[in-house]
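In listed order, ligands and their atoms are each counted from 1.
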Amino acid sequence: MPIQQLPPHVAAQIAAGEVIERPASVVKELVENSLDASATSIAVSIREGGVAEIGVTDDGCGIAPDELCLAFRHHATSKLATVEDLNTVSTLGFRGEALPSVAAVARVVCTTRPTNTESGARIEFRYGACVGQWHQGCPPGTSVQVADLFGELPARRKFLRSAAAETARIQEVITRYGLAHPEVRFTLSVDGREAISTPGSGRLQDAILSIYGAEVAGRMLPVSLTDGEVAVDGYTGAPDLNRRNRSYTTLLVNRRWVYDRSIYYAIEQAYQGTLPDRRFPFAVINISVPTDQVDVNSHPTKREVRFRDGDRLFSRVQRAVREALIAHAPVRTAARSFAPVDAGPQPPASPETPRLPAINVTLPRTDAIALPRTDGIALPATALAPTEGSFRDVLAGLRVVGQIRQTYIVAEGRSGMYLIDQHAAHECVVFDQIRRRMQGGRRPSQPLLAPLTAELSAAQAVTMDSYADLLADYGFVLDHFGDNAWLVRALPAELAARANPDPAVALSDLLDAVAVEQVVMEREDALAATVACHGSVRAGMTLAPEEMDALLRQLETTENPHNCPHGRPTVIHFSEYQLEREFGRR
Ligand code: ADP
Ligand code: MG
């Protein structure tokens, strides 16, 4: 074929493919426009997965009739004027590509009226060609109706999935933007049925409640961290509220819904050890950064952004989520940990934690994105506040009753019975001591009367090489003694006190264990966890009442008393309600 320049409408339809991939992309672009127009209410309706019809109506600033035609031209935008403006752009759109792209691949009718004018205007397009423009009376705001998407582009339509699958993607867009903008009232109607409705109260809790329901909302923990110009805020789920994939983690940057692999990872890292394998947290996290610190113009659909200082952001997000978990995560209850994670309706909460009054029988599985949850809306806002007190409060109120199987401590607390895993709890305490000591720079170590030679395996020697500096910080005094042999001159105090009396064996065990831990933990934590584990009270040890009591008091002071460094829970709660129910008293 000879080279020829494509006619403009063919070029436009091809270029539109970059922006408009499927019905959900139309919804995303139109909703972003409504948000940029400062709408307080956005109503979306779709039919047949959005292929037959998509309508987006807002009460935003509207478009002046004499600019309406221009708005549908390529690179026509009111959001920036120069390249430099990209540094400060705070709107979701800025390329001026959405409206022309939608108009190129569907039949489009747009009616609009700016707030300050008497009458509105209407413009119509058919697959790129303008049909006409008229005066039209309409309420202030903008309404865009899109019909027969890809109707003249069978090649594009072929790639769409079933109506149900396309609907799910649209629901996802409304879910994410509903969470991103709690101040806006969103409704989504699917084939005439209301599927999502957010109250627009401005409170993220309310948006979460209306989208995911009370069961989820009641177990979300507030996240809030400000560090210089960066703020991280939102809600993150208690660890038992986990899901099979990442679609329940909503990541927002300056309230723009984005995907960022490394920040997702930061959120998951914060849960380290508290989530079962291949389970993902429930979270809505917004990162506020100065606009010049983030490049929003790096991806065709603006789905990904680039950060100027990604590493620092990573650690801030991780810290923010971790702090939320440590400060607010409730004590794990026996019922919850016994029930399969996705087993539909959960057993009723205890009367001391009345977070789900009377509605739990109707709770559906929340695994599908954005289940319509209108029944949760009537719940009072206090339903979101954990009422059983913080973990530390619970620990402080415990009275030791005894020990069973030389493994578990039995205690009574203000809302039932608590079982404490003595090894996990002590590990937690020792781990904390080690970390604090490292931060304080002190390293009590216990010298050996006579140095001992440790013969290491080749694998252990490799671990030794990468940990030599940290081992020294921890209180090991070691001298390389040719090939894979090392001379042990002193041990960390914790190890000397408890561990295997043979320091060479202790060192070799430690290196083996740290090699395993380092797969899932940072280098520092891997070593601290290993030393903690080796220096801790084992299961199978009889403890005196005072020792048990002391252990609980120490656990109370640790930074993260919920879990041992490997993620096993330290305490399990059997509520009074559960006990009474089991004994048939209720
Ligand atoms: P962009 O959003 O990148 O500017 P669009 O093609 O999406 O480009 O929109 C072009 C222009 O039309 C916008 O800059 C805005 O001025 C106007 N516009 C589009 N949608 C709306 C709306 N819902 N309300 C008010 N103005 C709108
Ligand atoms: Mg736009």
Handout entry: Sphere of radius 2.8 Å around the Mg ion (ligand 2) - protein N, O or S atoms inside
Key = N33 OD1

Problem - Shortest protein heavy-atom distance from atom 2 (O) of ligand 1, along with the residue and atom involved - result: K79 NZ, 2.7 Å

Problem - Heavy-atom gap G60 to ligand 1 smaller than 4.0 Å - result: no

Problem - Atoms of ligand 1, numbered as shown, that sit under 4.0 Å from any heavy atom of G93 - result: 2 (O), 3 (O)

Practice task
May I ask you to check if ligand 1 and D36 share an N or O to N or O distance below 3.5 Å?
Solution key: no

Practice task
Determine whether any heavy atom of R95 lies closer than 4.0 Å to an atom of ligand 1.
Solution key: yes

Exercise for the section: Kindly assign one of parallel, tilted or perpendicular to the pair F391 and H562, based on the angle between their ring planes and the thresholds 30° and 60°. Expected result: tilted

Exercise for the section: Can you pull out the closest protein heavy atom to atom 14 (O) of ligand 1? Residue, atom name and distance to 0.1 Å, please. Expected result: S78 N, 3.0 Å

Problem - Carboxylate-amine/guanidinium proximity below 4.0 Å for R319 and D227 - result: yes

Exercise for the section: Tell me which one of L92, V56, V144, N33 gets a heavy atom nearest to atom 20 (N) of ligand 1. Expected result: N33

Problem - Validation row: L35, H181 side chains within 4.5 angstrom (heavy atoms) - result: yes

Problem - T112 contact mode with ligand 1 (heavy-atom cut-off under 4.0 Å) - result: neither

Exercise for the section: Could you tell me whether A37 and ligand 1 have an N or O pair separated by under 3.5 Å? Expected result: no

Problem - Polar atom proximity, F94 to ligand 1 (N or O, under 3.5 Å) - result: yes

Practice task
Establish, yes or no, whether a centroid distance under 6.0 Å links the rings of F282 and Y212.
Solution key: yes

Problem - Lys/Arg N to Asp/Glu carboxylate O, R255 vs D233, below 4.0 Å - result: yes

Exercise for the section: Report yes if L99 has an N/O atom closer than 3.5 Å to an N/O atom of ligand 1; otherwise report no. Expected result: yes

Handout entry: NZ or CZ of K158 within 45° of F150 ring axis and under 6.0 Å
Key = no

Exercise for the section: Could you say whether the N/O atoms of I63 and ligand 1 ever approach to under 3.5 Å? Expected result: no

Completion exercise
Closest to atom 4 (O) of ligand 1 among protein heavy atoms sits T77 OG1, 2.6 Å

Practice task
Mind checking side-chain hydrogen bond (donor to acceptor under 3.5 Å, both in side chains) for E268 and listing every partner two or more places apart, or none if nothing turns up?
Solution key: R246

Handout entry: Aromatic contact, F186 with Y177 (centres under 6.0 Å)
Key = no

Practice task
Please check if the distance between the ring centroids of Y264 and Y259 is under 6.0 Å.
Solution key: yes

Exercise for the section: For residues M220 and Q205, determine if any side-chain heavy atom of one lies less than 4.5 Å from a side-chain heavy atom of the other. Expected result: no

Practice task
Could you check atom 8 (O) of ligand 1 against the protein and tell me its nearest heavy-atom contact, residue, atom and distance included?
Solution key: G96 CA, 3.1 Å

Problem - T142, portion touching ligand 1 at heavy-atom distance under 4.0 Å - result: side chain

Exercise for the section: Tell me which protein heavy atom sits closest to atom 23 (N) of ligand 1, plus the residue, atom name and distance to 0.1 Å. Expected result: D58 OD2, 2.9 Å

Completion exercise
The atoms of ligand 1 lying under 4.0 Å from a heavy atom of A76, numbered in the order shown, are 10 (C)

Exercise for the section: Please determine if E124 and R122 form a salt bridge, counting it only when a charged side-chain N lies under 4.0 Å from a carboxylate O. Expected result: yes

Handout entry: R157 and D148 ion-paired at < 4.0 Å
Key = yes

Problem - Element-labelled atoms of ligand 1 that are located less than 4.0 Å from some non-hydrogen atom of A71 - result: 10 (C), 12 (O)

Show me the donor-acceptor pairs, under 3.5 Å and distance only, between side chains in residues 5-14 and residues at least two apart or in other chains.
{"unit_1": "Q13", "atom_1": "NE2", "unit_2": "A104", "atom_2": "O", "d": "3.1"}

Problem - Derivation of the side-chain contact (heavy atoms from CB on, under 4.5 Å) call for R244 and F280 - result: CA-CA 6 Å; R244 217 168 325 199; F280 299 91; over 6 Å; no

Fill in the blank from the handout: side chain to side chain contact (heavy atoms under 4.5 Å, CB included) test vs P281 passes for just one of L275, N242, T274, namely L275

Problem - Part of P100 with heavy atoms under 4.0 Å of ligand 1, whether side chain, backbone, both or neither - result: side chain

Less than 3.5 Å apart, which donor and acceptor atoms pair up between the side chains of residues 134-143 and the rest of the protein, not counting sequence neighbours?
{"unit_1": "T142", "atom_1": "OG1", "unit_2": "T112", "atom_2": "OG1", "d": "3.0"}
{"unit_1": "S143", "atom_1": "OG", "unit_2": "T57", "atom_2": "OG1", "d": "3.2"}
{"unit_1": "S143", "atom_1": "OG", "unit_2": "Q145", "atom_2": "NE2", "d": "3.0"}

Problem - E97 and ligand 1 - part of the residue with a heavy-atom distance under 4.0 Å - result: backbone

